[in-house]
Amino acid sequence: MKLSQLFTKTRKQVPADEEARNAQLLIQAGFIHKEMAGVYAYLPLGKIVLDKIANIVRQEMQAIGGQELQMTTLQPKDIWEKTDRWDDAKVDNWFKTKLANGTELGVGLTHEEPIVDALSDYITSYKDLPLYVFQIQSKFRNELRAKSGLLRGREFIMKDMYSLARNQQEHTEMYETAAKAYSQVFDRLGIGQLTYRTYADGGIFTDKFSDEYQTLSPVGEDTVYVDQERRVAVNEEVYTDANLKKLGLNKKDLVAKKGIEVGNIFPLESKYTDALDVYYTDETGHQQSIIMGCYGIGVSRLMGVLAEHFSDDKGLVWPLAVAPAHVYLARLGDDKEVVKAADHLYQQLQAAQIEVLYDDRDVRPGQKFADADLMGIPYRVVISQKTLQEGKVEFKARSDDQTSLMFAQAVIDKLKTETKEKSL
RNA sequence: CGGGGUGUGGCGCAGUUGGCUAGCGCGCCGCGUUUGGGACGCGGAGGUCGGAGGUUCGAGUCCUCUCACCCCGACCA
């Protein structure tokens with residue numbers, strides 16, 4: 001993509017109405033647009049990042065057999081009444097609306113009920129199970145207070161997956177398989193080491209723990225107690241002596257940290273399937289309850305977490321796997337030879353499947369460097385009269401201060417290798 | 001939802017105890033000079049001062065109501 005054609009522009013100053021670093025940076029770099037508190041639009045570069053994150057999540061869910069579908073945002077009241085989750089006294093962050101004829105509708109805040117209801121058309125036999133289904137889609141929650149940019153919104157993108165198993169053992173296997181997939185996702189996003197599987201409250205439908213995935217961060221809302229050695233953590237909400245004993249954890253190994261909940265998986269038992277009258281018939285012809293699990297990942301929240309974590313005083317520093325482009329090609333000056341060489345390299349990079357943001361604008365070098373840094377493109381290539389005199393181009397990693405002069409072909413080869421590794 | 005703060009050209013801000021044509025920086029448009037870390041000169045365009053009502057000879061400034069945004073807390077099934 002040529003920067004001269006991109007409609008977004010970077011800003012020199014941080015927006016006055018954002019305190020959260022992730023929102024400040026993403027707005028400054030032109031990745032997102034604030035529509036209202038807790039509601040953000042994704043502009044071209046931000047949309048690329050968001051889609052890349054979603055794709056990594058998608059690939060890992062598909063890898064364990066997840067079948068993707070997409071449920072609706074508008075929700076009928078009746079299925080939610082069956083599980084007693086329609087009443088505002090029970091679930092207070094619904095957005096609700098009405099049809100012209102007065103019929104009440106809900107605006108989807110999660111999708112256990114509609115998923116189970118839809119699956120009930122198909123699931124009748126033990127032969128139809130087990131099953132994972134998932135979707136990546138906008139959710140709407142009427143939070144009393146939106147905050148922290150992309151970390152806590154009223155409209156946000158979430159991946160929600162549901163497992164349906166025939167018995168507890170099968171459920172447990174599926175649950176652990178999904179947990180492994182989650183670790184894969186966070187590893188690929190570059191926050192694997194920072195992200196802990198965390199014991200948390202299981203909610204109203206189970207006496208078991210749920211598992212949160214908490215990414216350690218100073219701006220986190222949650223307090224978690226981390227056992228770095230065993231790579232597990234305990235949310236403070238269940239941090240009691242009795243629970244620690246149950247979990248086999250020692251208080252002296254645990255360190256209090258702040259975390260951002262990037263994912264949450266929990267056992268649903270048969271609460272939803274039973275409530276919606278969805279059962280399967282076993283081998284002996286008897287009706288049995290379905291055991292469900294639920295697996296969420298905050299996709300847009302992850303974008304905020306990555307922006308928050310992978311940044312410095314100059315701006316964003318995207319990991320290669322989710323960057324809006326692999327390389328920023330800056331052409332300095334409009335000298336004929338420079339333009340020719342830069343245009344040529346732009347084409348070569350594209351031909352090599354390397355995503356390139358070509359700064360072909362007629363602006364000063366300093367602005368190009370500043371923008372390359374602010375946007376956080378992993379690599380930067382500069383072509384100028386100076387580099388052409390050497391017959392080379394300048395190469396620099398965003399995360400590194402060192403620049404080096406390299407032959408254009410060597411740069412292409414290097415980027416090819418790098419991007420191939422990351423796109424696995 | 002309780003507490004605190006803020007709303008003034010696209011963005012960031014100033015505007016005194018009410019006073020006359022509402023300013024500054026960035027950005028934008030035109031011309032020229034510039035080109036390795038956000039250049040410079042000259043000339044321009046752009047604002048119902050969040051909204052409504054009120055007090056006053058006169059309101060960006062005072063009063064009432066209201067909307068929005070930020071932060072702390074509570075909440076987050």
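Only heavy atoms go into these numbers, but all of them, side chains included; no hydrogens, no water, no symmetry mates.
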Indicate yes or no: does [X] engage [Y] in a salt bridge with an N to O separation below 4.0 Å.
{"X": "A/Lys82", "Y": "A/Asp117", "value": "no"}
{"X": "A/Asp359", "Y": "A/Arg380", "value": "no"}
{"X": "A/Lys208", "Y": "A/Glu269", "value": "yes"}
{"X": "A/Asp241", "Y": "A/Lys251", "value": "yes"}
{"X": "A/Lys159", "Y": "A/Glu60", "value": "no"}

Grab the [atom1]-[atom2] distance between [X] and [N] for me, whole Å please.
{"X": "A/Asp17", "N": "B/U8", "atom1": "CG", "atom2": "C1'", "value": "15 Å"}
{"X": "A/Glu19", "N": "B/G4", "atom1": "CD", "atom2": "C1'", "value": "13 Å"}
{"X": "A/Lys147", "N": "B/C1", "atom1": "NZ", "atom2": "P", "value": "18 Å"}
{"X": "A/His33", "N": "B/G10", "atom1": "NE2", "atom2": "C1'", "value": "12 Å"}
{"X": "A/Arg21", "N": "B/C71", "atom1": "CZ", "atom2": "C1'", "value": "18 Å"}
{"X": "A/Met158", "N": "B/C76", "atom1": "CE", "atom2": "P", "value": "16 Å"}
{"X": "A/Glu143", "N": "B/G73", "atom1": "CD", "atom2": "P", "value": "15 Å"}
{"X": "A/Asp222", "N": "B/A74", "atom1": "CG", "atom2": "C1'", "value": "15 Å"}

Sort out the partner of [N] for me: Watson-Crick or G-U wobble, both distances under 3.5 Å, none otherwise.
{"N": "B/U17", "answer": "none"}
{"N": "B/U64", "answer": "B/A52"}
{"N": "B/U33", "answer": "B/A39"}
{"N": "B/G9", "answer": "none"}

Roughly how many Å apart are [M] and [N], using the [atom1] atom of each and rounding to a whole number?
{"N": "B/G18", "M": "B/C63", "atom1": "C1'", "result": "13 Å"}
{"N": "B/U16", "M": "B/C28", "atom1": "C1'", "result": "32 Å"}
{"N": "B/G60", "M": "B/C20", "atom1": "C1'", "result": "14 Å"}
{"N": "B/U8", "M": "B/G44", "atom1": "C1'", "result": "22 Å"}
{"N": "B/U61", "M": "B/U56", "atom1": "P", "result": "16 Å"}
{"N": "B/U34", "M": "B/C40", "atom1": "C1'", "result": "8 Å"}
{"N": "B/G47", "M": "B/G10", "atom1": "P", "result": "8 Å"}
{"N": "B/C62", "M": "B/U17", "atom1": "P", "result": "9 Å"}

Indicate, with a heavy-atom threshold strictly under 4.0 Å, whether [X] touches base, sugar-phosphate, or nothing.
{"X": "A/Thr387", "result": "base"}
{"X": "A/Val382", "result": "base"}
{"X": "A/Lys386", "result": "base"}
{"X": "A/Leu109", "result": "base"}

Please produce a list of atom pairs where a protein N or O lies less than 3.5 Å from an N or O of nucleotides 37-39 of chain B.
from, atom 1, to, atom 2, distance (Å)
B/G37, O6, A/Arg380, NH1, 2.7
B/G37, O6, A/Arg380, NH2, 3.4
B/G37, N1, A/Asp373, OD2, 3.0
B/G37, N2, A/Asp373, OD2, 2.7
B/G38, O2', A/Lys12, NZ, 2.9
B/G38, N1, A/Asp371, OD1, 3.3
B/G38, N2, A/Gln367, NE2, 3.2
B/G38, N2, A/Asp371, OD1, 3.2
B/G38, N2, A/Asp371, OD2, 3.4
B/A39, OP2, A/Arg364, NE, 2.9
B/A39, O4', A/Arg364, NE, 3.4

message: List the residues meeting ring pair (Phe, Tyr, Trp, His ring centres under 6.0 Å) with A/Tyr182, not counting sequence neighbours, and say none if there are none.
response: A/Tyr213
message: Would A/Lys34 and A/Tyr40 count as a cation-pi pair here, with the cationic atom under 6.0 angstrom from the ring centre and within 45° of the axis?
response: no
field: Whether over 12 other heavy atoms sit under 6.0 Å from A/Glu337 CD
entry: no
- request: Compare the minimum distances between each of B/U35, B/C75, B/C69 and the side chain of A/Arg152, then state the nucleotide with the smallest one.
  value: B/C75
message: From the set B/C72, B/C70, B/A77, return the single nucleotide nearest to any side-chain atom of A/Arg145.
response: B/C72
- prompt: Does A/Gly333 or A/Arg141 map to a spot on RNA chain B nearer the 5' end, using the closest nucleotide for each?
  reply: A/Gly333
A/Asp413: partners by side-chain contact (heavy atoms from CB on, under 4.5 Å), with sequence neighbours left out: A/Gln409
